[in-house]
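When reading the values below, keep in mind they use all heavy atoms of this one structure, side chains included, and skip hydrogens, waters and symmetry mates.
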Amino acid sequence: MQILNVMQNRDTFFKHITEGNTNKGEYITLGAAMLDGETIENAFVNVPLKTMNRHGLIAGATGTGKTKTLQVLAENLSEKGIPVLLMDIKGDLSGLAQPSPGHPKIDERHAKIGLPFDAKSFPVEILSLSEQDGVRLRATISEFGPVLISRILDVTETQAGIISVIFKYCDDHKLPLLDIKDFKKILQYATSDGKKEFEATYGRISSSSTGAILRKLVEIEQQGGDLFFGEKSFDTQNLLRIDENGRGYINIIRLTDIQDKPKLFSTFMLSLLAEIYSTFPEQGDSGRPELILFIDEAHLIFNEASKALLNQIESIVKLIRSKGVGLYFVTQNPTDVPEAVLSQLGLKVQHALRAFTAKDRKAIKLTAENYPDTDYYDTAEVLTSLGIGEALVSALNEKGKPTPLAATMMRAPMSRMDVLTDGELSSLLADSKLVRKYNEDIDRNSAYEILTKKIEDADAEEARIKAKEEKEALKKAESKSRTTTTRRRSTSRRSTRQHPLVKVLTSPTVIRSVLGILTKMIK
């Protein structure tokens, strides 16, 4: 009787899972559902492509299989012709470019699930935010605009106003703001050489405010912003490429050296999402997403972000799904993700959590409450008993309703679960068209060069005017000196000239006459 009840329960559970995971359109199979710790063969847990732009979460303690789940999702999306963007914080996702070598444990797992295992490689593009090898990702200061720059720098309302004035001045005077040195130069110019010019048109700008903005800009610069801001700007349309076999490219951003640079990571993520939102067309109800982004170690965005930055991210998360773009956050605990974002997530893949402290037990209880009710599991208990490569899965069906909660034996990745060798990576980059397109350093004439020349020209003109004035002053001094000398000489000539009477009296004729008279008188 007990065996019969167990069999009936299994049959009811199987029907419950299969009916809840039946789809008319395309879908991805994550694995098979489990009951009482046993995998139910062919009880497939599916995620319809139609709802994958409704975002998702992959969570769980370290070593429970989050990265492999991310890999499985990326592979299956690529195979369906959907491009993927992965944030590779730990550096262990490049193996997607090579097929899995296979393993008896993989075959055993897939036999339990009821899925054949097929080893495959996938089209991969390696991207980089830093000096690591890969396609260089860049954006210009102008592309960010004053509002986004102000939020990234977390400035005051007054400082944000100054940044808007700076951008307006640059627009009015055709000064391209491309990189950080351009922005720093115009900030310095506004309160030094260009102070009078700014005050005449835009009002007085406080040097203390520009100084505060400069300090915040230096913080971004020190975290690698000087590499990110500049040209050539990365075109987000390059993320949508499909290979010759109809598979979507898996774009992997290498971020192994970014963990200690959360400001740069947040800046990049916000600029990327904003660019995608502003350039991608409205998707409507197409039945499949245009692009899926996986953000590993998502707490790096949320923990270090300012309130203004968080608000911006939350707004974009709510709006970007209309562009056919899905965001999937990968983190250890769901509480790492703000409630406003968490409430927007359709797919939740929850690997095991560990209850070592009272705080951990409280977090597990809160996590369990985020999942649909079920007659088959004690959700909080299952969360602590899941094995490696097992997870609680809840998705949205094609009508937008939650699918049955299923403890799932996850399928294994078809690609290599390890990194590429140096030789394999070099070969991959050598074949990349995007590396050749974006890895040339460009430093064209922009605000820094234009303002520097303007200041130099002004200094040269000032020096020329000063030299002319000094020359004229010298001429005047020399002319005055010559006039004085002439007058002195004239006076000297007059003083040596004899008076006419004296000249007559001392003439030889008069003297001889006087002497003649005197001689006659003596005689």
Side-chain angles (χ1 to χ4, degrees), residues 15-33 42-59 69-86 113 115 122 236-237 239-242 245-251 273 276-277 279-295 316-330 337 341-350 370-372 391-406 408 410-411 414:
K15 184 179 179 182
H16 173 66
I17 293 297
T18 52
E19 287 181 353
N21 285 273
T22 300
N23 300 282
K24 293 180 180 179
E26 293 181 286
Y27 58 87
I28 289 172
T29 300
L30 294 183
N42 297 327
F44 298 130
V45 176
N46 302 320
V47 182
L49 293 185
K50 184 176 181 178
T51 61
M52 286 207 72
N53 66 329
R54 298 290 294 272
H55 312 317
L57 173 73
I58 302 172
T69 294
L70 186 160
Q71 196 169 340
V72 165
L73 281 168
E75 292 173 343
N76 283 273
L77 286 164
S78 173
E79 200 161 41
K80 298 289 184 182
I82 298 169
V84 174
L85 178 63
L86 305 178
I113 293 171
L115 277 176
F122 295 86
T236 53
Q237 292 298 312
L239 298 174
L240 302 179
R241 294 185 303 151
I242 307 295
N245 298 313
R247 299 178 302 172
Y249 263 85
I250 299 175
N251 304 281
L273 296 177
I276 288 173
Y277 180 71
T279 57
F280 281 29
E282 288 290 329
Q283 181 72 12
D285 191 13
S286 68
R288 54 190 286 126
E290 284 291 300
L291 176 69
I292 297 293
L293 281 73
F294 291 91
I295 304 171
I316 290 178
V317 168
K318 292 174 184 177
L319 298 171
I320 203 169
R321 68 186 183 197
S322 67
K323 306 288 185 170
V325 178
L327 302 177
Y328 287 74
F329 300 97
V330 185
V337 181
V341 173
L342 202 60
S343 63
Q344 300 292 318
L345 308 182
L347 173 63
K348 294 174 184 174
V349 181
Q350 179 65 62
N370 287 323
Y371 287 88
L392 275 175
V393 178
S394 173
L396 295 178
N397 66 19
E398 291 172 320
K399 294 182 179 179
K401 298 178 181 179
T403 58
L405 182 63
T408 306
M410 305 294 288
R411 66 189 295 176
M414 295 178 276

Approximate separation, where rounding is to 0.5 Å, of [X] [atom1] and [Y] [atom2]:
X      : Y      : atom1 : atom2 : value
Leu49  : Asn76  : CG    : CG    : 9.5 Å
Ser78  : Ile292 : OG    : CD1   : 12.5 Å
Thr408 : Gln350 : OG1   : CD    : 12.0 Å
Lys399 : Asn23  : NZ    : CG    : 11.5 Å
Arg241 : Asn251 : CZ    : CG    : 6.5 Å
Glu19  : Asn21  : CD    : CG    : 10.5 Å

Not counting sequence neighbours, which residues clear side chain to side chain donor-acceptor pair (under 3.5 Å) with Gln71? List them please.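 Gln71: side chain to side chain donor-acceptor pair (under 3.5 Å) contacts with Ser415.
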I'd like to know if the side chain of [X] and the backbone of [Y] have a donor-acceptor N/O pair within less than 3.5 Å.
X      : Y      : result
Thr51  : Leu396 : yes
Arg247 : Leu77  : no
Asn397 : Ala395 : no
Gln344 : Lys318 : no

Evaluate the side chain to side chain contact (heavy atoms under 4.5 Å, CB included) criterion for residues Ile320 and Leu273: first the C-alpha distance (whole Å), next the side-chain angles of each, then the deciding distance (0.1 Å), finally the verdict. CA-CA 8 Å; Ile320 203 169; Leu273 296 177; 4.1 Å; yes
Side chain to side chain contact (heavy atoms under 4.5 Å, CB included), that's the test. Do Val325 and Tyr277 meet it? Break it down for me. CA-CA 9 Å; Val325 178; Tyr277 180 71; over 6 Å; no
Exercise: identify the closest heavy-atom pair between [X] and [Y]:
X      : Y      : answer
Pro404 : His16  : CB-NE2, 3.3 Å
His55  : Val317 : NE2-O, 2.8 Å
Thr403 : Gly20  : CG2-O, 3.6 Å
Gly324 : Gln283 : N-CB, 3.5 Å
Thr18  : Thr22  : O-OG1, 2.5 Å
Ser394 : Leu405 : CB-CD1, 4.1 Å

Is there a side chain to side chain contact (heavy atoms under 4.5 Å, CB included) between Glu79 and Ile28 once you walk through the steps? CA-CA 10 Å; Glu79 200 161 41; Ile28 289 172; over 6 Å; no
Any side-chain heavy-atom pair from [X] and [Y] closer than 4.5 angstrom?
X      : Y      : result
Ile82  : Pro289 : yes
Phe329 : Val341 : yes
Ile295 : Val330 : no
Leu57  : Val349 : no
Asn53  : Leu291 : no
Met52  : Leu73  : yes
Tyr249 : Leu239 : no

Ala74: what forms a side-chain contact (heavy atoms from CB on, under 4.5 Å) with it, not counting sequence neighbours?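 Partners of Ala74 under the side-chain contact (heavy atoms from CB on, under 4.5 Å) test: Val84, Leu86, Ile250.
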Who are the side-chain contact (heavy atoms from CB on, under 4.5 Å) partners of Asn42, not counting sequence neighbours?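 Residues passing side-chain contact (heavy atoms from CB on, under 4.5 Å) with Asn42: Phe14, Phe44.
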For Tyr27, does the OH atom have more than 12 heavy-atom neighbours from other residues, nucleotides or ligands under 6.0 Å away?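 Not more than 12 within 6.0 Å, no.
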Could you tell me whether Glu282 and Lys323 have a side-chain N and a carboxylate O separated by less than 4.0 Å?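 A salt bridge links Glu282 with Lys323.
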side-chain contact (heavy atoms from CB on, under 4.5 Å) with Tyr328: which of Thr69, Leu293, Leu347, Leu70?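 Of all the options given, the one that passes is Leu347.
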Chi angles and distances behind the side chain to side chain contact (heavy atoms under 4.5 Å, CB included) call for Arg288, Lys50: CA-CA 5 Å; Arg288 54 190 286 126; Lys50 184 176 181 178; over 6 Å; no
For Asn46 and Thr29, does a side-chain donor sit closer than 3.5 Å to a side-chain acceptor?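 There is such a pair between these side chains.
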